[in-house]
Number of protein chains: 2
Amino acid sequence: QVCLNSELWHACAGPLVSLPPVGSRVVYFPQGHSEQVAASTNKEIDSLPSYPSLPPQLVCQLHNVTMHADVETDEVYAQMTLQPLSLLEQKDPYLPAELGMPSKQPTNYFCKTLTASDTSTHGGFSVPRRAAEKVFPPLDFAQQPPAQELIAKDLHGNEWKFRHIFRGQPKRHLLTTGWSVFVSAKRLVAGDSVLFIWNDNNQLLLGIRRANRPQTVMPSSVLSSDSMHIGLLAAAAHAAATNSRFTIFYNPRASPSEFVIPLAKYVKAVYHTRVSVGMRFRMLFETEESSVRRYMGTITGISDIDPVHWPNSHWRSVKVGWDESTAGQRQPRVSLWEIEPLTTFPMYPTSFPFRLKRPWPTGLPSLHGIPYEFEQK
Amino acid sequence: QVCLNSELWHACAGPLVSLPPVGSRVVYFPQGHSEQVAASTNKEIDSLPSYPSLPPQLVCQLHNVTMHADVETDEVYAQMTLQPLSLLEQKDPYLPAELGMPSKQPTNYFCKTLTASDTSTHGGFSVPRRAAEKVFPPLDFAQQPPAQELIAKDLHGNEWKFRHIFRGQPKRHLLTTGWSVFVSAKRLVAGDSVLFIWNDNNQLLLGIRRANRPQTVMPSSVLSSDSMHIGLLAAAAHAAATNSRFTIFYNPRASPSEFVIPLAKYVKAVYHTRVSVGMRFRMLFETEESSVRRYMGTITGISDIDPVHWPNSHWRSVKVGWDESTAGQRQPRVSLWEIEPLTTFPMYPTSFPFRLKRPWPTGLPSLHGIPYEFEQK
DNA sequence: TTGTCTCCCAGTGGGAGACAA
DNA sequence: TTGTCTCCCACTGGGAGACAA
């Protein structure tokens with residue numbers, strides 16, 4: 001089920017999620033993929049076979065990205081077709097598209113977390129005043145009370161009709177007829193969020209974001225979670241060995257971290273940024289209201305998260321402590337490309353030079369011709 | 001979610017499904033497992049890597065079998081832990097338990113396919129007269145009208161209360177209060193079946209069997225179907241290479257055929273039964289009313305279903321034609337252990353001799369010391 | 001014997017303003 | 001400004017027998 005509307009997909013995915021452009025080069029992390037599967041199947045990984053032939057990261061070309069929404073839950077996910085690249089291809093100069101990072105959050109939208117009243121069987125949905133005025137078409141205030149019919153398209157292209165009325169004492173915007181049908185069809189409960197977008201084609205789009213209900217995730221009865229983990233590793237290993245394409249699903253709201261990273265972002269973070277224990281950093285997080293804020297922390301260590309299976313991996317290689325102890329939320333380990341160190345020693349001008357293809361003496365670390373002595377192992 | 005009630009599980013699984021006993025030796029077919037995943041993900045297999053190290057069948061010890069029911073759909077499935085056996089262990093004599101084939105269908109039960117009236121919002125469930133008299137506790141006909149409260153446990157152990165009443169002109173058995181709650185909670189529609197069992201502990205059990213709605217099967221957004229297929233193969237190959245345990249799910253109503261077969265049944269069908277093109281055979285199928293009937297057919301060929309990936313596999317090696325052309329239902333290819341050839345040349349007495357362990361010159365084909373010239377390659 | 005219909009009326013729940021946080 | 005309550009009454013749908021396949 002392909003989701004046709006990119007704006008709506010990105011709005012549901014959240015402000016921090018951006019999909020690398022088709023054709024660009026990315027770095028794929030089997031460990032991160034594995035974390036997503038573990039989160040989705042709600043099952044820890046027991047003992048898995050090692051795949052010594054599979055490196056902890058794979059530089060790939062991203063051949064295809066399609067945006068989808070789960071038919072049952074409307075959960076957004078992306079399907080990506082990746083092809084591991086030869087060392088030579090990894091060292092090709094960047095295309096312009098690989099450096100720009102488009103963030104496609106729509107501007108004319110609002111997101112509201114549903115209250116108990118919004119989801120109760122008595123009555124409809126209370127629309128925040130600014131939201132209604134900004135996102136919905138203007139009401140005809142000559143009518144008494146002012147009202148109109150709204151038609152909104154969900155992620156699957158299905159249309160939902162709502163009566164939008166401005167009434168009550170004091171006056172407020174409400175969605176009445178049609179609202180409860182939507183709530184029960186999507187099985188929304190208080191705490192879930194809905195998201196209305198008014199797009200450039202004067203269409204109203206309607207997405208949902210469910211509250212985190214980690215217990216709801218059901219173990220698949222199709223394949224054991226062990227086989228799923230092995231499958232992901234074997235599929236990547238096979239693709240790496242044969243330089244053939246493989247397909248992955250990225251579920252931005254289930255996955256603890258993105259595991260397909262633009263090559264440029266990875267290289268900049270790993271080879272062009274110096275970090276050390278004790279260094280202060282900032283990191284972006286999504287707020288409840290679907291905007292972003294920065295949290296501060298201190299680097300407390302740099303080491304392999306899994307020295308046995310994945311030695312010398314940069315995945316979550318940075319141990320951190322967070323300033324605000326409200327945590328438990330924020331992971332104790334992050335990857336270099338997720339953080340902004342507060343004191344950096346820029347080793348190159350911030351605007352990357354476009355370089356001509358030429359042979360390099362060795363693999364990825366020399367991607368930009370950085371002298372070895374400046375690189376971190 | 002473990003299903004506690006074995007009778008109910010078997011009743012829901014159907015009369016043809018029998019799980020091999022724990023501790024027994026079984027033959028596992030990756031191809032059959034693959035078919036189940038294909039059926040569950042509703043996706044054909046594209047191109048998969050070959051696993052030359054993985055034979056088309058694996059003789060395993062069945063260490064554990066647990067019966068489950070999907071939390072969302074109540075679909076029954078079994079989890080099995082298998083361990084590939086060494087050649088020597090494969091040749092051990094049979095344990096008594098490996099020869100008996102227990103079929104655990106309960107006797108005191110009924111299964112009814114729901115009508116439009118049964119699932120409509122107006123009124124309850126019409127209980128077939130014989131079914132009510134056989135399975136439900138007797139009503140007190142002194143009351144007018146006779147009525148009682150029934151409490152039935154579903155696959156998850158949840159209890160459902162129903163008012164059972166005998167009324168109307170002409171008189172009939174009905175379930176009223178409580179029925180519609182059950183229908184909407186389980187999201188039953190006309191065409192689905194319900195199944196009531198009165199067990200030996202005087203408990204009423206309640207299972208459901210959904211009508212085949214193959215389009216409903218959603219593609220998982222957790223892992224690509226390719227990775228799932230690779231995962232199943234890689235997990236089996238890894239287990240075979242290291243003689244370690246692996247876990248599979250068997251979904252009797254989703255899977256086209258059983259893919260974990262008792263070793264004795266496999267050996268008897270493959271090495272002790274002679275089949276040839278033109279031979280007539282019978283095969284068991286489940287009827288709409290959850291009983292069994294035999295269909296007749298003729299063997300039209302014997303060949304590998306997939307000579308590239310699985311040469312010399314016995315999985316669906318028999319091409320057949322069916323007498324009743326109502327088919328499209330019945331597969332054009334079956335495996336030897338699924339059919340009863342009508343003219344057999346018994347090569348051994350029907351009761352298997354228990355043999356002592358002793359060394360054999362070669363692998364599985366000599367399992368029972370059958371001279372080579374009698375064996376089919 | 002049992003599937004569907006219609007009738008009856010109790011209770012659910014949409015839709016309104018009141019009210020208070 | 002907006003979350004919750006209560007009130008009102010239309011309509012849904014449980015539960016009964018009628019009726020026909």
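Letters A, B, ... mirror the listed sequences (proteins, then strands); counts begin at 1.
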Which nucleotide in C:dA16, C:dG3, C:dT2 has an atom nearest any side-chain atom of A:R167: C:dA16
List in chain and number order the residues that pass side chain to side chain contact (heavy atoms under 4.5 Å, CB included) with A:E35, two or more places apart in sequence or in another chain; answer none if no residue qualifies. A:P256, A:W315, A:R316
Select from A:S126 and B:G124 the residue whose nearest nucleotide in DNA chain D is closer to the 5' end of that strand. A:S126
Just to be sure I understand the geometry, which residues of residues 168-180 of chain B put a non-hydrogen atom under 4.0 Å away from DNA chain C? B:P170, B:K171, B:R172
Near-ring test B:F136/B:F196, centroid separation under 6.0 angstrom: yes
Less than 4.0 angstrom between a side-chain N/O of B:T115 and OP1 or OP2 of C:dT4, yes or no? yes
Testing A:L19, A:V76, A:L8, A:L155 one by one against A:M67 for a side-chain contact (heavy atoms from CB on, under 4.5 Å), which residue passes? A:L19
What residues form a side chain to side chain contact (heavy atoms under 4.5 Å, CB included) with A:A131, not counting sequence neighbours? A:F110, A:P128
Return the value, rounded to whole Å, for the distance between atom CZ of A:F125 and atom P of C:dG13. 21 Å
Could you tell me whether the phosphate oxygens of C:dG3, OP1 or OP2, come under 4.0 Å of any side-chain nitrogen or oxygen in B:K112? yes
Given Watson-Crick and G-U pairs under 3.5 Å, DNA chain C in dot-bracket ([ ] crossing, | other strand) is |||||||||||||||||||||
Taken to the nearest whole Å, CZ/B:F110 to P/C:dT2 is 11 Å
Pairs involving residues 118-138 of chain A, ordered by first then second residue, that meet side chain to side chain donor-acceptor pair (under 3.5 Å) (sequence neighbours left out): A:K112-A:D118, A:T115-A:D118, A:R129-A:E133
side-chain hydrogen bond (donor to acceptor under 3.5 Å, both in side chains) partners for B:T113, two or more places apart: B:S193
If you look only at pairs with a residue in residues 139-149 of chain B, which of them pass as a side chain to side chain donor-acceptor pair (under 3.5 Å), with sequence neighbours excluded? B:Q148-B:H164
Which of B:E75, B:E286, B:E258 passes salt bridge (charged side-chain N to carboxylate O under 4.0 Å, His left out) with B:R253? It is B:E286
Is the shortest distance from a Lys or Arg side-chain nitrogen in B:D192 or B:R209 to a carboxylate oxygen in the other one below 4.0 Å? no
In this structure, how many angstroms lie between the C1' atom of D:dT1 and the CZ atom of A:F166, rounded? 11 Å
Sorted by number, residues from residues 135-153 of chain A placing a heavy atom under 4.0 Å from DNA chain C are none
Whole-Å distance, A:D118 CG to C:dG15 P, equals 14 Å
Reckon A:R130 touches a base, only the sugar-phosphate, or nothing at all at heavy-atom distances under 4.0 Å? nothing
Could you work out, with side chain to side chain contact (heavy atoms under 4.5 Å, CB included) as the rule, every residue matching A:T287, not counting sequence neighbours? A:E289, A:S291, A:R293
Report each atom pair, protein N/O against N/O of nucleotides 5-8 of chain C, whose distance is under 3.5 angstrom.
residue: C:dC7; atom: N4; partner: B:H122; partner atom: ND1; Å: 3.4

Establish, yes or no, whether the cationic atom of B:R282 lies under 6.0 Å from the six-membered ring centre of B:Y295 and within 45° of the ring axis. no
Which residues pass the side chain to side chain contact (heavy atoms under 4.5 Å, CB included) test with A:N201, sequence neighbours left out? A:N199, A:Q203
According to salt bridge (charged side-chain N to carboxylate O under 4.0 Å, His left out), does anything in residues 157-177 of chain B pair up with another residue at least two apart or in another chain? List the pairs. none
Parallel, tilted or perpendicular: which fits the ring planes of B:W160 and B:F182, with parallel below 30° and perpendicular above 60°? perpendicular
Nearest whole Å is fine: how far is C:dT1 C1' from B:E133 CD? 11 Å
Tell me what B:T121 touches on the nucleic acid: a base, only sugar-phosphate, or nothing, going by heavy atoms under 4.0 Å. base
